[in-house]
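Worksheet for the structure shown next.
Chain A is the first sequence line, chain B the second, and so forth, proteins listed ahead of strands; every chain is numbered from 1.
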Amino acid sequence: MRRTHMAGELRPAHAGQRVTLAGWVHRSRDHGGVIFVDLRDRAGIVQVVFHPQTSEEAFRIAETLRAEDVVYVTGTVQMRPPEMVNPKLATGEVEVFAEAVEVLNRSRTPPFVIRDEVAAGEELRLKYRYLDLRRPRMQRNLHLRHRTVKFIRDWLDARGFWEIETPILIKSTPEGARDFLVPSRLQPGKFYALPQSPQQLKQLLMVAGIDRYFQIARCFRDEDLRGDRQPEFTQLDMEMAFVDEEDVIGVNEALMVDLVRAVVPHKRIQQVPFPRLSYAEALERYGSDKPDLRFGLELVDLGHVWHQTDFRVFRAVLAEGGQVKGIRAPGLARYSRKQIDELEKLVRQWGAHGLAWVKVQEGGELQGSVARFLADGARAAFLEATQAEPGDLVLMVAGEGALVADVLGRLRLELGDRLGLRDPDVLAFAWIVDFPLFEWNEDEGRWDAMHHPFTSPKDEDLERLETDPGQVRAKAYDLVANGWELAGGSIRIHRRDVQQKVFELLNISPERAQERFGHMLEAFEYGAPPHGGIAWGLDRVVMVFADEPNIREVIAFPKTASGVDLMTGAPSEVDPEQLAELYIRVVLPEEEKATSEP
RNA sequence: GGGCGCGUGGUGCAGCGGUCAGCACACCGGCCUGUCAAGCCGGAGGUCGCGGGUUCGAACCCCGUCGCGCCCGCCA
């Protein structure tokens, strides 16, 4: 290889050395008598100086260089004069005086300029993803992701975990998310499914005596996309035998702490050991099961306050068993009517009927949409409950409990943003525990598994399976940070009688259980050890580490919100012969047929 | 499936019923020996996403449609 150094690695220590660099022309500045070319490679950017006195030939070639041309440059590293140091570049103290340059490949003018500050639209970036990925920020993200995965592998290896690959073509078990299906040519009319996660397989590995397993596992879910959801994504999947909740939590907390210190040392973990919140407490205090604990602004129950007022709207909600809760926004009494209307528009979008507000004026006087109802005792109770002080704004929402929590939880994040309380350099991890095992499915009139059907109930709640399923708590835990759910897992059921009872409650008949999970149930009859595990949403973890607003920024080739890969054009139609081999016929709805031709 | 926003030279935006559709950057040519978002001079480049409608007249208003983003539903 002719390259001797990476462009971005050159430092004063290299001064005087003759180096050969390889990379892309980032930018060039032609001054007529001297030409500066910023040469970019994976490691960074260095300034190359073309001077006719150094090499007439190289100078002539440099005159023709354009952005993104690929070149070899040979020259001597020299210290820059002090007044010409560029503090914006890591290599800014040196420059390379070019003695020879070879053009390896010319580039067409790229559709957008390759640099971090550029405001190219995401659509264009995704179409030319290979150019987008040349941007230093994107390379930083991919490198961060690499270092994260590498650290995890080494860390788990050192603690006796084996990395085991599980199949991508598996059996469809239509619980939970919609499966991606793959037709079988050898078994006409039958289909594989792509794994939503290696859940069942890792449990079977525990039955197999593997004891400690992990995998950086690609997972697939055919559901609509979001900023934090792609149809294919990556989990750090983990399972351990002979463990309880504390064991899994302990290993993962230690891994996360070490990982943060290794790959994002500039970030401060707010609290170690990670605080733990019950699911109920999280919803109660933060209106979310993945609260952002970097700031307070906790939800306050104001039912008892409004109960003693004449405000019919809130009293009616309370009479129907609903809630009235509020958030104290410190200092926001300065908000104009327009700004509050803006917030009201948001909460309506989230499903609230309206937003009530009260400002505490400097004199202690209350002002606002519902202030006139807060007299005497109610006024005192309001101030006592909210702890509101002059200059504060209290925002309130009334309605059904879950809705109030959800709306105020979102409003809390909005206020956190507006008040600048979400410091990106702080990681506020927390474990959310004591999840309900089931949640009531209104539409189907039955219980659904909140986590998945193999999640173990808490030992002390076993009796309630018969009497009060809604009160049964699960041996389940989520790891959250800064408002994101980063991981979730549970201890699994290993007792046949308990599993049977759970299937009963989930309205899964023995026949259906046999059909769907027969292999699991049978396996559990051959000496299944107690076991449990967890899965990290690796894309989200890296996204948070990288301070990116969505996981597309930490995935090399992501898909758009409609599941399209703009670079390759996937998904696409296929040859009729391919379909015929698979015994598949495409039947489009009538209206789509009419417009399907481009 | 539903709601909201956006779509205008290569890129990012302005224009939101009436001269020839502007600006910045990029691009092309010229000048220039210390720039690093180089500078100066000159130039080229647009059927305003697509289709239909309203109007004397549409980038602009209306309807439909496509694409992208955000949100709801969905995501055990």
With sequence neighbours left out, what residues match A/Glu63 under salt bridge (charged side-chain N to carboxylate O under 4.0 Å, His left out)?
-> A/Arg60
Counting heavy atoms not belonging to A/His353, are there more than 12 under 6.0 Å from its NE2?
-> no
Check whether any side-chain N or O of A/Arg27 sits under 4.0 Å from OP1 or OP2 of B/A38, and answer yes or no.
-> yes
Of all residues at least two apart in sequence or in a different chain, which pass the side-chain hydrogen bond (donor to acceptor under 3.5 Å, both in side chains) check with A/Glu93?
-> none
If we take the C1' atom in both B/C61 and B/U54, what is their distance in whole Å?
-> 8 Å
Name the pairing partner of B/C50, where a pair is Watson-Crick or G-U wobble with both distances under 3.5 Å, or state none.
-> B/G64
If the C1' atom of B/A26 is compared with that of B/G10, how far apart are they to the nearest Å?
-> 7 Å
Nearest-nucleotide check on RNA chain B, A/His452 vs A/Arg29; residue mapping nearer the 5' end is A/Arg29
NA contact type, A/Arg552, heavy-atom cut-off 4.0 Å: base, sugar-phosphate, or nothing?
-> sugar-phosphate
Between the side chain of A/Lys202 and the main-chain N/O of A/Met238, is any donor-acceptor distance below 3.5 Å?
-> yes
Hey, does A/Asn86 reach any base, or is it just sugar-phosphate, or nothing, if we go heavy atoms under 4.0 Å?
-> base
Could you check whether A/Thr455 gets within reach of a base, just the sugar-phosphate, or nothing at all, counting any heavy atom under 4.0 Å?
-> nothing
Enclosure of A/Glu57 CD (heavy-atom neighbours >12, cutoff 6.0 Å) | no
Between atom NZ in A/Lys127 and atom C1' in B/G49, what is the gap in whole Å?
-> 13 Å
Euclidean distance, atom CZ of residue A/Arg492 to atom P of B/A76 [Å, nearest integer] = 14 Å
Applying salt bridge (charged side-chain N to carboxylate O under 4.0 Å, His left out) to A/Asp30 and not counting sequence neighbours gives none
Please measure how far the C1' atom in B/C13 lies from the corresponding atom in B/G18, and state the result in whole Å.
-> 24 Å
Does B/C20 have a Watson-Crick or wobble mate here (both distances under 3.5 Å), and if so which one?
-> none
Taking only distance into account, with no hydrogens and no angle test, what donor-acceptor pairs under 3.5 Å do side-chain atoms of residues 502-510 of chain A form with protein atoms, sequence neighbours excluded?
from, atom 1, to, atom 2, distance (Å)
A/Glu504, OE1, A/Lys501, NZ, 3.2
A/Ser509, OG, A/Glu511, OE1, 3.4
A/Ser509, OG, A/Arg512, N, 3.0

Rounded to whole Å, the CE-P distance (A/Met567 to B/C68) equals 15 Å
Pair partner, B/G69 [Watson-Crick or wobble, under 3.5 Å] | B/C4
Set of side-chain contact (heavy atoms from CB on, under 4.5 Å) partners for A/Thr455, sequence neighbours left out = A/Leu437, A/His451, A/His452, A/Ala474, A/Ala476, A/Ser490
Under 4.0 angstrom, heavy atoms only, what part of the nucleic acid is A/Ser28 near: base, sugar-phosphate, or nothing?
-> nothing
For atom CD1 of A/Ile114 and atom C1' of B/U11, their distance in whole Å = 11 Å
Pick the C1' atom in B/G17 and in B/A59, then give their distance to the nearest Å.
-> 11 Å
Using a cut-off of under 3.5 Å, enumerate the N/O to N/O pairs linking the protein to nucleotides 30-34 of chain B.
from, atom 1, to, atom 2, distance (Å)
B/C32, N3, A/Asp30, O, 3.2
B/C32, N3, A/Gly32, N, 3.3
B/U33, OP2, A/Gly33, N, 3.3
B/U33, O2, A/His51, NE2, 3.1
B/U33, N3, A/His51, NE2, 3.2
B/U33, O4, A/Gln53, NE2, 3.1
B/G34, N1, A/Glu95, OE2, 3.1
B/G34, N2, A/Glu95, OE1, 2.6
B/G34, N2, A/Glu95, OE2, 2.9

Can you name the residues that form a side-chain hydrogen bond (donor to acceptor under 3.5 Å, both in side chains) with A/Ser107, not counting sequence neighbours?
-> none
Tabulate protein N/O versus nucleotide N/O from nucleotides 4-10 of chain B, keeping only pairs under 3.5 Å, one per line.
from, atom 1, to, atom 2, distance (Å)
B/G10, O2', A/Pro111, O, 3.2

May I ask you to decide if A/Arg552's main-chain N or O and A/Gln230's side chain share a donor-acceptor pair within less than 3.5 Å?
-> no
Determine the Euclidean distance between corresponding P atoms of B/G34 and B/C40; express it in Å to zero decimal places.
-> 15 Å
Should B/G43 form a Watson-Crick or G-U wobble pair with both distances under 3.5 Å, which nucleotide is its partner?
-> B/C27
A/Gly121 near the nucleic acid: base, sugar-phosphate alone, or nothing, with a heavy-atom cut-off under 4.0 Å?
-> sugar-phosphate
For A/Asp179, enumerate each residue passing the side-chain hydrogen bond (donor to acceptor under 3.5 Å, both in side chains) test, keeping only those at least two apart in sequence or located in another chain.
-> A/Ser172, A/Gln196
With sequence neighbours left out, what residues match A/Arg27 under side-chain hydrogen bond (donor to acceptor under 3.5 Å, both in side chains)?
-> none
Could you tell me whether the phosphate oxygens of B/A26, OP1 or OP2, come under 4.0 Å of any side-chain nitrogen or oxygen in A/Thr109?
-> no
Whichever of A/Leu566 and A/Glu439 has the more 5' nearest nucleotide on RNA chain B, that residue is A/Leu566
Listed once per pair and sorted, the salt bridge (Lys or Arg N to Asp or Glu O under 4.0 Å) pairs that draw on residues 476-494 of chain A, sequence neighbours left out = A/Glu239-A/Arg492
Quantified in whole Å, what is the C1' atom distance between nucleotide B/C27 and nucleotide B/A44?
-> 9 Å
Specify the separation, in whole Å, of atom CG of A/Leu131 and atom P of B/U11.
-> 13 Å
CZ (A/Arg42) with more than 12 external heavy atoms under 6.0 Å | no
Whole-Å gap separating C1' (B/A26) and CZ (A/Arg66) = 12 Å
From the list B/C68, B/G69, B/A76, which nucleotide is the closest neighbour of the side chain of A/Gln199?
-> B/A76
Tabulate atom names and distances for all N/O pairs under 3.5 angstrom spanning the protein and nucleotides 71-75 of chain B.
from, atom 1, to, atom 2, distance (Å)
B/C72, OP1, A/Arg410, NH1, 2.9
B/C72, OP1, A/Arg410, NH2, 2.4
B/C72, OP2, A/Arg226, NE, 3.4
B/G73, N7, A/Arg226, NH2, 3.0
B/G73, O6, A/Arg226, NH1, 2.9
B/G73, O6, A/Arg226, NH2, 3.1
B/G73, N1, A/Asp224, OD2, 2.6
B/G73, N2, A/Asp224, OD2, 3.2
B/C74, O2', A/Glu223, OE1, 2.4
B/C74, O2, A/Arg229, NH2, 3.0
B/C74, N3, A/Arg229, NH1, 3.2
B/C74, N3, A/Arg229, NH2, 2.9
B/C74, N4, A/Arg229, NH1, 3.4
B/C75, O2, A/Arg229, NE, 3.3
B/C75, O2, A/Arg229, NH1, 2.8
B/C75, N3, A/Arg229, NH1, 3.2

